[in-house]
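One structure is given here, and the rest of the page talks about it.
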Amino acid sequence: DDPASRPDYNPGFSPAFAGFSFGAPHRKGMSQYGALGRAKSGQNYEQILKAYYGDIRIENREMPSTISTTIGTIAFEDKYLRGIAEMPAVWADNGGFEALKAQAIAARTYALVSGRPICITEACQVYSKTKNDERWNRAVTETRGKVVISNQTGKMFHTFYASTSGGYTIAHSSDGHSIPGLWDTTKGRDGWTSEAYEKIGNSPWFYKAWYRLRSG
């Protein structure tokens with residue numbers, strides 16, 4: 001549904017080729033902009049997480065007091081999780097607070113499952129020691145101790161997530177937990193792309209011509 005992606009589109013010069021982006025994804029697990037779209041559509045954090053991770057439940061577990069990172073040992077709930085810089089806190093002002101809570105739970109689970117010391121970059125999950133946002137802190141506090149548990153294994157698993165997935169997340173296995181592929185729309189396959197949750201979330205990366213750098 002993008003005219004510039006049609007085979008008969010004439011850009012005005014020849015030969016030519018075009019590149020199109022369906023996001024900045026690995027396409028596994030939670031789409032962050034999709035989570036925003038789901039929150040804006042009335043879904044709560046549990047519904048969001050179940051949509052992306054499949055046969056799961058949310059449980060309260062005893063948390064460690066600290067976590068070992070590549071920049072040292074940090075208090076887990078009250079410092080490390082409050083510094084996770086993976087989702088814009090401003091989304092809470094635009095109907096996305098449930099997405100922030102879903103992100104907090106996914107990030108908490110991911111951190112507990114990952115090896116030590118955990119890195120603080122995109123290679124693991126981004127941590128900023130200077131982050132201090134009241135909206136994000138509230139999301140962390142209101143989900144304190146909550147993690148994603150597989151109903152298949154009874155254990156936590158790597159809760160992968162990324163900015164976007166192009167409206168479809170791929171089937172994969174994570175630590176013994178199997179996650180089915182998902183048409184991330186209001187109507188399954190029939191809703192792609194016009195009713196994709198990433199589109200509802202106004203993702204600047206969903207199904208766009210590659211006309212600018214990622215940093216732009």
request  = Taking atom types as modelled, find out whether Glu86 and Gln103 have a side-chain donor-acceptor pair closer than 3.5 angstrom.
outcome  = no
query = Distance from Glu195 atom CD to Lys187 atom NZ, nearest 0.5 Å?
reply = 4.5 Å
request  = Kindly compute the distance separating OG1 (Thr164) from NE2 (His26), expressed to the nearest 0.5 Å.
outcome  = 10.0 Å
Gap between atom CZ of Arg38 and atom CG of Asn44 - 0.5 Å precision = 11.5 Å
ask   = Can you find a heavy atom in the side chain of Lys155 that is under 4.5 Å from one in the side chain of Ser150?
value = no
query = With under 30° as parallel and over 60° as perpendicular, where do the rings of Tyr53 and Phe157 fit, or are they tilted in between?
reply = perpendicular
ask   = Quick check: does any side chain N or O of Thr69 sit under 3.5 Å from a backbone N or O of Gly72, one acting as donor and the other as acceptor?
value = yes
query = Would you find a donor on one side and an acceptor on the other, under 3.5 Å apart, between the side chain of Glu77 and the backbone of Gly145?
reply = yes
ask   = At their closest point, which heavy atom of Thr169 faces which heavy atom of Gly29, and how far apart are they?
value = CG2-O, 3.4 Å
Salt bridge (charged side-chain N to carboxylate O under 4.0 Å, His left out) partners of Arg135, counting only residues at least two apart = Asp93, Asp133
remark   = Rounded to the nearest 0.5 Å, the CD1 atom of Ile179 sits from the OG atom of Ser173 at a distance of 8.0 Å
inquiry  = Side chains of Thr159 and Arg108: any donor to acceptor distance under 3.5 Å?
reply    = no
inquiry  = If you define the side chain from C-beta out and look only at heavy atoms, does anything of Arg82 sit under 4.5 Å from Asn132?
reply    = no
task = Using atom types as modelled and distance alone, determine if a side-chain donor or acceptor of His158 lies under 3.5 Å from a backbone N or O of Phe160.
result = no
query = Taking the side chain from Asp184 and the backbone from Tyr197, do they hold a donor-acceptor pair closer than 3.5 Å?
reply = no
request  = With rounding to the nearest 0.5 Å, note down the distance linking OG in Ser163 to CZ in Phe206.
outcome  = 11.5 Å
message = Using only atom types and a distance under 3.5 Å, with no angle test, would you say the side chain of Lys131 pairs donor to acceptor with the backbone of Ile84?
response = yes
Neighbour count above 12 (heavy atom, 6.0 Å) for Lys40 NZ = yes
Co-membership, hydrophobic cluster, residues Tyr52 and Ile170, 4.5 Å side-chain = no
Tyr161 vs Met87 side-chain heavy atoms within contact, under 4.5 Å = no
Ser203-Glu198 side chain donor-acceptor pair, cut-off 3.5 Å = no
Short side-chain to backbone donor-acceptor contact, Thr109 and Val148, under 3.5 Å = yes
ask   = Given the rule that I, L, V, M, F, W and Y join up when any side-chain heavy atoms are under 4.5 Å apart, are Leu49 and Ile200 in one cluster?
value = no
ask   = Does any non-hydrogen side-chain atom of Arg116 lie less than 4.5 Å from one of Ile67?
value = yes
query = Mind checking whether Tyr127 and Tyr80 have parallel, tilted or perpendicular rings, split at 30° and 60°?
reply = parallel
request  = Indicate, with yes or no, if Val126 and Leu36 share a hydrophobic cluster defined by side-chain heavy-atom contacts under 4.5 Å among Ile, Leu, Val, Met, Phe, Trp and Tyr.
outcome  = no
inquiry  = When you measure from the side chain of Arg27 to the backbone of Tyr168, do you find a donor-acceptor pair of N or O atoms at a distance under 3.5 Å?
reply    = yes
inquiry  = Assess the residue pair Tyr45 and Glu142 against the criterion (side chain to side chain contact (heavy atoms under 4.5 Å, CB included)); give the C-alpha distance rounded to whole Å, side-chain angles, the decisive distance to 0.1 Å, and a yes or no.
reply    = CA-CA 11 Å; Tyr45 69 84; Glu142 291 190 11; over 6 Å; no
Return all side-chain donor-acceptor pairs below 3.5 angstrom for residues 56-64, not counting sequence neighbours, or 'none' if the list is empty.
unit_1	atom_1	unit_2	atom_2	d
Arg57	NE	Glu59	OE2	2.5
Arg57	NH1	Asn151	OD1	2.7
Arg57	NH2	Glu59	OE2	3.2
Glu59	OE1	Arg61	NE	3.0
Glu59	OE1	Arg61	NH2	3.0
Asn60	OD1	Lys146	NZ	3.1
Asn60	ND2	Arg144	O	3.2

ask   = Which atom names give the shortest non-hydrogen contact between Met30 and Ala102, and what distance separates them?
value = SD-CB, 4.2 Å
Met156 and Ile149, any side-chain heavy atoms less than 4.5 Å apart = yes
task = Grab the two heavy atoms, one from Thr143 and one from Ala139, that are nearest each other, plus how far apart they are.
result = OG1-O, 2.9 Å
task = Check the hydrophobic clustering (I, L, V, M, F, W, Y; side-chain heavy atoms under 4.5 Å; chains of links allowed) and say if Val113 and Ile74 are grouped together.
result = yes
query = Do any N or O atoms from the side chain of Trp91 and from the backbone of Tyr33 form a donor-acceptor pair under 3.5 angstrom?
reply = no
ask   = Donor-acceptor pair, Trp136 side chain versus Leu81 backbone, under 3.5 Å?
value = yes
inquiry  = For the CG atom of Leu100 and the CD1 atom of Ile48, what is their distance to the nearest 0.5 Å?
reply    = 10.0 Å
message = Which heavy atom of Ala39 sits nearest to which heavy atom of Gly96, and what is that distance?
response = CB-CA, 4.0 Å
